[in-house]
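Scroll down for the structure; my scribbles are underneath it.
By convention in this document, chain letters (A, B, ...) are assigned in the order of the sequence lines, proteins followed by strands, and residues within each chain are numbered from 1.
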2 protein chains.
Amino acid sequence: MLDLRRLEILHRFSARGTITATAADLGYSPSAVSQQLAALEREAGIALIERTARRASLTDAGRELAEHAARILDAVESAESRMRARVGAIGGRVTVSCIPALAPALAPHLAELQRGHPELTVVAHETGSTTAAAAVLDRRYDLAVIDDWSAHPPAEGTGLSVHRLRREDIVLALPSGHPLAEQPGPANAARLRQIVGDRTWLCAPAGQLSRAAGDQRLTSVGAVPPRRWEFEGLHVLAALVAAGAGVAFLPAGIAREQAGVTGLRPVPRMQRTILALTRTTTREDPAIAACLQAAKQALGSGH
Amino acid sequence: MLDLRRLEILHRFSARGTITATAADLGYSPSAVSQQLAALEREAGIALIERTARRASLTDAGRELAEHAARILDAVESAESRMRARVGAIGGRVTVSCIPALAPALAPHLAELQRGHPELTVVAHETGSTTAAAAVLDRRYDLAVIDDWSAHPPAEGTGLSVHRLRREDIVLALPSGHPLAEQPGPANAARLRQIVGDRTWLCAPAGQLSRAAGDQRLTSVGAVPPRRWEFEGLHVLAALVAAGAGVAFLPAGIAREQAGVTGLRPVPRMQRTILALTRTTTREDPAIAACLQAAKQALGSGH
DNA sequence: TGTTTTTACGGGGTGCGTAAAGATA
DNA sequence: TATCTTTACGCACCCCGTAAAAACA
């Protein structure tokens, strides 16, 4: 009979692509991963991996078995979650991913949860929104907090549960002393063109959701900034706006917290959604549910 | 992570009810089963078994986990079958169940298959039709050959694949010298009443499908036998009919092969269906497919 | 030369069966 | 007393990490 831990190794290998990375993810040595994959091949009776001295890759059979492994591991995870739900105890290890901008708000709530439940281990990393969904499905994380700058957040499906935590307005952030900041009224297309055309445009690096959403709005109103500066991190952008380095689209909350920044609401309205992602197979796990609850408290609509 | 072999033990225990029987089914000692179930409880973190010195039984959590285990094992079995299908080699161990009346016809074909494939191990048992479906779903057998005396054989569903091998007429078997046997024409209701009312009625023990189907026909035509003798095995009944001990419903093939027996076709027609059952999860397993093919050759409609 | 993978080897853990004991009908 | 279950114990096996080697960029 196929071995479950070996199937997990194959599944992880299929997601990561190298034995070394697989070993790092699972806390094994590369040697162990190599040996276990070889043993799995013996069990399956068919070559799963094409071996090069420099690189290992899946064969067709390996890819198919990895897909089966995903379903098997889903079923096992469901069973484990159900058993834990019966016990009701909050414990074990929960891995959480959070986008950097929200981590400071989330971390204290997770720490408090951990304080109340000594059996619980929370491992939190910071990851961007774009890769989080795949990482949760890959079991690299049990819970991911992301933001989505598109008008309609992604629907459920493919084993992912989407929990909407909050909707937040996006504002055009200007230095408070800026003459255009004092003018009343929202930032419609004409005003946007006027402001953007005059100042350095501050935005996230390409590939970020906030960058794509901002670019789209600028294009749609025909605003062309004279200069673009790219910086990582919404709080960094906020500080740059306050220092007079330029203007940017920022979540209203971040703009409000940053002294020396005034936010103008664009028309039509722009929003981002703060989402939490879990696997549907772990929906009943009390530890993960508790972490999700903590995220709702930390980031939910009441704040 | 839950261990797959332990889940298999739990699943088998849930089907068999005692640790001793579970151990016998799986080829373990009762000690090993007891230890593994205890380890599974530790892994699951919840009591799965209510322990009495004399008897072990599942708790609610144990029952639920056993259901999960069934799904998990299904998924694993599917994966294994797919891998074996990719290899295409006919090998491994296949457990077959056959109703006693058909075993003599089936066994030579299985033996020949085994001769052609040294890697293949076939384990054949004889089991009645009534328990075979559950036994296949329980993984006690991979393939079961049964007969069904009702008008409409069971449909697929719940993970069972039904393969129709043959339809066979049922005849009213009389000793060849019997005056009523020589009269031409079929056995309609009036003639059935006449024959049955005069002779000892030979039939299978209660609980057999052939018994239920025969009783139903006698009742529907209002035939009341003066005496009933119950014997196990259709060939035994045929021999008794030939010896002049009475009359019986028998499959046409069995009646034809028995010297000294004449078969009258009842009106309306009675039939039984020879079926093979497999799990849908093993449908692609080449070894099981080959055994099914052998059964079709041995028992199929061409014979 | 550095990275990735595999093989050799040793130690620790796990799981099995045997044997014995406990418990119950 | 006979059966079912559990515990004690020892042995074999398996698995992992360390170390070294091989292959390739």
Side-chain angles (χ1 to χ4, degrees), chain A residues 1-59 61-63 65-66 69 72-73 76 80 93, chain B residues 1-59 61-63 65-66 69 72-73 76 80 93:
Chain A
M1 168 163 338
L2 296 172
D3 184 84
L4 210 53
R5 277 178 47 254
R6 289 170 181 164
L7 288 176
E8 186 190 22
I9 292 173
L10 179 70
H11 173 252
R12 193 59 70 99
F13 176 79
S14 133
R16 302 293 259 112
T18 74
I19 289 179
T20 304
T22 305
D25 274 12
L26 297 174
Y28 293 139
S29 68
S31 165
V33 171
S34 174
Q35 291 179 68
Q36 291 310 303
L37 287 176
L40 183 60
E41 285 187 290
R42 257 182 282 123
E43 281 182 342
I46 189 172
L48 304 173
I49 293 176
E50 281 165 1
R51 297 146 186 297
T52 314
R54 186 90 185 136
R55 165 166 230 84
S57 60
L58 288 175
T59 63
R63 253 184 300 279
L65 187 55
I72 292 165
L73 293 170
V76 171
E80 289 174 331
R93 176 191 168 94
Chain B
M1 170 161 339
L2 295 172
D3 183 84
L4 211 52
R5 279 180 44 255
R6 289 171 181 163
L7 288 176
E8 186 189 24
I9 292 174
L10 178 70
H11 174 251
R12 194 60 69 99
F13 177 80
S14 132
R16 302 292 260 112
T18 74
I19 287 178
T20 305
T22 305
D25 275 13
L26 297 175
Y28 293 139
S29 68
S31 166
V33 171
S34 174
Q35 291 178 67
Q36 291 309 304
L37 286 177
L40 184 60
E41 285 188 290
R42 256 181 283 123
E43 281 182 342
I46 187 173
L48 304 172
I49 292 177
E50 281 166 0
R51 295 144 188 297
T52 315
R54 186 94 184 133
R55 168 166 229 84
S57 60
L58 288 176
T59 62
R63 252 184 301 278
L65 186 56
I72 292 165
L73 293 170
V76 171
E80 289 174 329
R93 176 190 168 93

[N] phosphate, OP1 or OP2: any side-chain N/O from [X] under 4.0 angstrom?
{"X": "A/S29", "N": "D/dC16", "answer": "no"}
{"X": "B/R6", "N": "C/dG15", "answer": "yes"}
{"X": "A/R51", "N": "C/dT6", "answer": "yes"}
{"X": "A/T18", "N": "C/dT4", "answer": "no"}
{"X": "A/T52", "N": "D/dC24", "answer": "no"}

Say whether, by atom type as modelled, one donor and one acceptor occur between the side chain of [X] and the main chain of [Y] under 3.5 angstrom.
{"X": "A/Q36", "Y": "A/R5", "result": "no"}
{"X": "B/E43", "Y": "B/D3", "result": "yes"}
{"X": "B/E41", "Y": "B/L48", "result": "yes"}

Whole angstrom value for the distance that separates [atom2] of [N] from [atom1] of [X]:
{"X": "A/R5", "N": "C/dG13", "atom1": "CZ", "atom2": "P", "result": "15 Å"}
{"X": "A/L40", "N": "D/dC14", "atom1": "CG", "atom2": "P", "result": "16 Å"}
{"X": "A/E8", "N": "D/dC16", "atom1": "CD", "atom2": "P", "result": "11 Å"}
{"X": "B/L58", "N": "D/dT5", "atom1": "CG", "atom2": "C1'", "result": "15 Å"}
{"X": "A/I19", "N": "C/dT6", "atom1": "CD1", "atom2": "C1'", "result": "8 Å"}
{"X": "B/E50", "N": "D/dT5", "atom1": "CD", "atom2": "P", "result": "14 Å"}
{"X": "A/L26", "N": "D/dG17", "atom1": "CG", "atom2": "C1'", "result": "15 Å"}
{"X": "B/M1", "N": "C/dT14", "atom1": "CE", "atom2": "P", "result": "16 Å"}

Considering every strand and a 4.0 Å limit on heavy-atom distances, what is the contact class for [X]: base, sugar-phosphate, or nothing?
{"X": "A/S31", "value": "base"}
{"X": "B/G17", "value": "nothing"}
{"X": "A/Q35", "value": "base"}

(request) Using heavy atoms to find the nearest nucleotide of DNA chain C for A/R54 and A/P30 separately, return the residue whose nucleotide is more 5′. (result) A/R54

(request) Tell me which nucleotide among C/dG17, C/dG15, C/dT4 gets nearest to the side chain of B/Y28. (result)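 The answer is C/dG17, which lies nearest to the side chain.
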
(request) Decide yes or no for A/I49 and A/T59: does some side-chain heavy atom of the first lie under 4.5 Å from some side-chain heavy atom of the second? (result) no

(request) Answer yes or no: does atom CZ of A/R93 have more than 12 heavy-atom neighbours from other residues, nucleotides or ligands under 6.0 Å? (result)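 For A/R93, atom CZ is not crowded (no more than 12 foreign heavy atoms under 6.0 Å).
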
